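Owing to the predicted nature of the structure, the values given are computational and were not obtained by experimental measurement.
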Amino acid sequence: GEDTLLAFAAIMGWTGLLYYGRGFQLTGPFVIMILQMLTTDIVRFTAIFAVFLLGFAEAFFLVFQNSVVQNFDGWRGFMGLYAIMLGDFDLRVFE
């Protein structure tokens with residue numbers, strides 16, 4: 001709700017502050033470098049990562065569709081796979 005919107009606004013506000021750092025000789029090159037990385041490298045990585053994440057989430061959804069896992073839908077499969085990629089999972093689910 002409101003907390004999510006406020007958190008997003010705070011992140012965007014601090015990110016917007018970077019534009020003022022471009023005017024200084026000490027911070028300008030670093031800000032430009034960070035903005036270039038965000039607009040090229042990270043966007044490219046996120047697109048490739050999303051393709052793999054969606055593919056494996058679909059596979060998990062199909063595998064666990066008729067299993068003992070309760071209330072397993074597409075969104076839980078997507079978020080579950082993301083948690084597994086971060087290393088936060090319980091191995092007992094796969095037994």
Rounded distance [0.5 Å steps], [atom1] in [X] versus [atom2] in [Y]:
X	Y	atom1	atom2	value
L53	E58	CG	CD	12.0 Å
Q36	T40	CD	OG1	6.5 Å
F49	M85	CZ	CE	4.5 Å

- Query: Applying the 4.5 Å side-chain criterion to the ILVMFWY set and letting contacts propagate, would I42 and I48 be lumped into a single cluster?
  - Reply: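 Per the 4.5 Å side-chain linkage, I42 and I48 are not co-clustered.
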
- Message: Please determine whether residues I11 and I34 belong to a single hydrophobic cluster, defined as Ile, Leu, Val, Met, Phe, Trp and Tyr linked transitively by side-chain heavy-atom distances below 4.5 Å.
- Response: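 No, I11 does not connect to I34 through the hydrophobic network.
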
- If you link ILVMFWY side chains whenever their heavy atoms are less than 4.5 Å apart, which other residues fall into the same cluster as W14? By chain and number, please.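 Other cluster members: L17, Y20.
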
- Task: Output the rest of the hydrophobic cluster of F8: all Ile, Leu, Val, Met, Phe, Trp and Tyr residues reachable through side-chain heavy-atom contacts under 4.5 Å, sorted by chain and number.
- Result: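 So far as hydrophobic clustering goes, F8 is joined with M12.
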
- Under the ring pair (Phe, Tyr, Trp, His ring centres under 6.0 Å) test, which residues partner F24, sequence neighbours left out?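 For F24 there are no ring pair (Phe, Tyr, Trp, His ring centres under 6.0 Å) partners, ignoring immediate neighbours.
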
- Check V43 against L38 and note the closest heavy-atom contact, atom names and distance.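 Result for this residue pair: CG2-O, 3.2 Å.
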
- Query: Looking only at heavy atoms, which two atoms of L18 and V31 are closest? And how far apart?
  - Reply: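 Minimum heavy-atom contact is O-CG1, 3.3 Å.
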
- Has D3 got more than 12 heavy atoms of other residues, nucleotides or ligands less than 6.0 Å from its CG?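 No - once you tally the heavy atoms of other residues, nucleotides and ligands closer than 6.0 Å, there are 12 at most.
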
- Message: So for atom CG, which belongs to L26, do other residues, nucleotides or ligands contribute more than 12 heavy atoms lying within a distance under 6.0 Å?
- Response: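 No, CG of L26 has 12 or fewer neighbouring heavy atoms, counting only those of other groups under 6.0 Å.
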
- Quick one: side chain to side chain contact (heavy atoms under 4.5 Å, CB included) partners of L54, sequence neighbours excluded?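 Here the qualifying residues are F78.
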
- Message: Going by the rule side chain to side chain contact (heavy atoms under 4.5 Å, CB included), which residues pair with F30 if we only count those two or more places apart in sequence or in a different chain?
- Response: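 Partners of F30 by the side chain to side chain contact (heavy atoms under 4.5 Å, CB included) criterion, ordered by chain and then number, come out as M33.
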
